[in-house]
Protein chains: 2
Amino acid sequence: MLPPKSPLQILRSADLRPTRQRLSLAKMLFVECDQHVTADWLYNKALSNGVSVSLATVYNTLNQFTKKGLLRHIIVDSNSSYFDTNTNHHHHFFFEGTGQLKDIPSDVIKIHGIPLLPDGATIDRIDIIIRVR
Amino acid sequence: MLPPKSPLQILRSADLRPTRQRLSLAKMLFVECDQHVTADWLYNKALSNGVSVSLATVYNTLNQFTKKGLLRHIIVDSNSSYFDTNTNHHHHFFFEGTGQLKDIPSDVIKIHGIPLLPDGATIDRIDIIIRVR
DNA sequence: CAATACTTTTGAACGATTCTAAAATAAAAA
DNA sequence: TTTTTATTTTAGAATCGTTCAAAAGTATTG
Ligand SMILES: [Mn+2]
Ligand SMILES: [Mn+2]
Ligand SMILES: [Zn+2]
Ligand SMILES: [Zn+2]
């Protein structure tokens, strides 16, 4: 186990300028593993923490963090995008009622029998979503 | 193998009035198994077939068909909803480049090790999406 | 410090989808 | 049939999550 990186270190190693907004958002996101956040949730969390940031910056930051590999974009709901602070390969329960996601470590689930891909194609990612109600 | 149902029979057994628009759309949808359509695609297909229908009706119809179990709603892309004419349990390849979906029969893929659900929860559906590029 | 590059912000724009309410059509009743 | 009623279609407006544009602000470099 490496010691956890500080928000500043995270931004530095992702080659992103450590601005006040990005530091605050990084702190809210990475203080805890396994968070599944929406833009709206993070924006409101920032507001309620007294962090002054615009919604556009929340979107910009989530997209930049995703592009840099600090977050993973999860598509489970047609009404809003989720961002996952766990970027390791893993799967999800999705609770339809509450909109909550819960991680399933990739090593507990095994898949067999993936058909051959059309040639030239390569697998980008395999998502297993167990929709629960 | 039962003989395939006609659009009229499909609508009748789903308890939907066989209007001109619904009959045309049903014909375009169910003439072929395993179609994965978006509202926009179906709307344009109707137009190019000379079928006069509004976009609102396309949306209404896709949603009604889904509610009646004639279609399945698939969430793979945050920019548009897909509807699947194959309502049996199965999985998908998703080609990120083209936005195409391709079925994977459920019996070729096996999953092992699904963790226990929180109590009270029941599985609604398990989606496996193999994202390919 | 000055110069440059990048970031944040606001409000407007976008695009997919849903809503509204009026006109059209299908089904049921007479 | 005709009349009545229930359902459906439609155009256009509204909604809502997300992105864009351009101006103002901030970090970085030398
Ligand atoms: Mn995105
Ligand atoms: Mn829907
Ligand atoms: Zn996760
Ligand atoms: Zn399918």
(message) Going by side chain to side chain donor-acceptor pair (under 3.5 Å), name the residues that satisfy it together with A/R133, two or more places apart in sequence or in a different chain.
(response)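 Result, side chain to side chain donor-acceptor pair (under 3.5 Å) vs A/R133: B/D124.
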
Any [X] side-chain nitrogen or oxygen under 4.0 Å from OP1 or OP2 of [N]:
{"X": "A/Q21", "N": "C/dT9", "result": "yes"}
{"X": "B/Y59", "N": "C/dT18", "result": "no"}
{"X": "B/S81", "N": "C/dT17", "result": "yes"}

Side chain of [X] (C-beta onward), nearest among [options]:
{"X": "B/R20", "options": "C/dC19, C/dT17, C/dT25", "answer": "C/dT25"}
{"X": "A/T19", "options": "C/dT9, D/dA27, D/dT9", "answer": "D/dA27"}
{"X": "B/S80", "options": "C/dA16, D/dA11, C/dT9", "answer": "C/dA16"}
{"X": "B/R12", "options": "C/dA27, C/dT9, D/dT10", "answer": "C/dA27"}

Nearest whole Å is fine: how far is [N] [atom2] from [X] [atom1]?
{"X": "A/N79", "N": "C/dA16", "atom1": "CG", "atom2": "P", "answer": "15 Å"}
{"X": "B/D77", "N": "C/dA16", "atom1": "CG", "atom2": "C1'", "answer": "11 Å"}
{"X": "A/L47", "N": "C/dT9", "atom1": "CG", "atom2": "C1'", "answer": "14 Å"}
{"X": "A/H73", "N": "D/dT19", "atom1": "NE2", "atom2": "C1'", "answer": "13 Å"}
{"X": "A/R22", "N": "D/dG25", "atom1": "CZ", "atom2": "C1'", "answer": "14 Å"}
{"X": "B/Q64", "N": "C/dC19", "atom1": "CD", "atom2": "P", "answer": "13 Å"}
{"X": "B/D15", "N": "D/dT7", "atom1": "CG", "atom2": "P", "answer": "11 Å"}
{"X": "A/N60", "N": "D/dG17", "atom1": "CG", "atom2": "C1'", "answer": "14 Å"}

Let me check something: any side-chain donor-acceptor pairs from residues 38-50 of chain B under 3.5 Å, sequence neighbours excluded? List them with distances.
{"from": "B/T38", "atom 1": "OG1", "to": "B/W41", "atom 2": "N", "distance (Å)": "3.1"}
{"from": "B/S48", "atom 1": "OG", "to": "B/N44", "atom 2": "O", "distance (Å)": "3.3"}
{"from": "B/S48", "atom 1": "OG", "to": "B/K45", "atom 2": "O", "distance (Å)": "3.1"}

(message) I want to confirm an ordering. Mapping B/R17 and B/T38 to their closest nucleotides on DNA chain C, which one lands closer to the 5' end?
(response)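 With B/R17 and B/T38 compared, the 5'-side residue is B/T38.
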
(message) With nearest nucleotide decided by heavy atoms, which residue, B/P18 or A/T61, maps closer to the 5′ end of DNA chain C?
(response)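 On the 5' side of the pair lies A/T61.
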
(request) Could you walk me through whether B/H73 and B/F83 pass ring pair (Phe, Tyr, Trp, His ring centres under 6.0 Å), step by step? (result) CA-CA 5 Å; B/H73 187 198; B/F83 295 86; 5.0 Å; yes

(message) Restricting to non-hydrogen atoms, name the atom on A/Q21 and the atom on A/S52 that form the minimum distance, rounded to 0.1 Å.
(response)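 Where A/Q21 meets A/S52 most closely, the heavy atoms are CG-O, 4.1 Å.
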
(request) Would you check if A/I114 and A/I126 make a side-chain contact, meaning some heavy-atom pair closer than 4.5 Å? (result)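 Counting from C-beta outward, A/I114 and A/I126 do come under 4.5 Å.
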
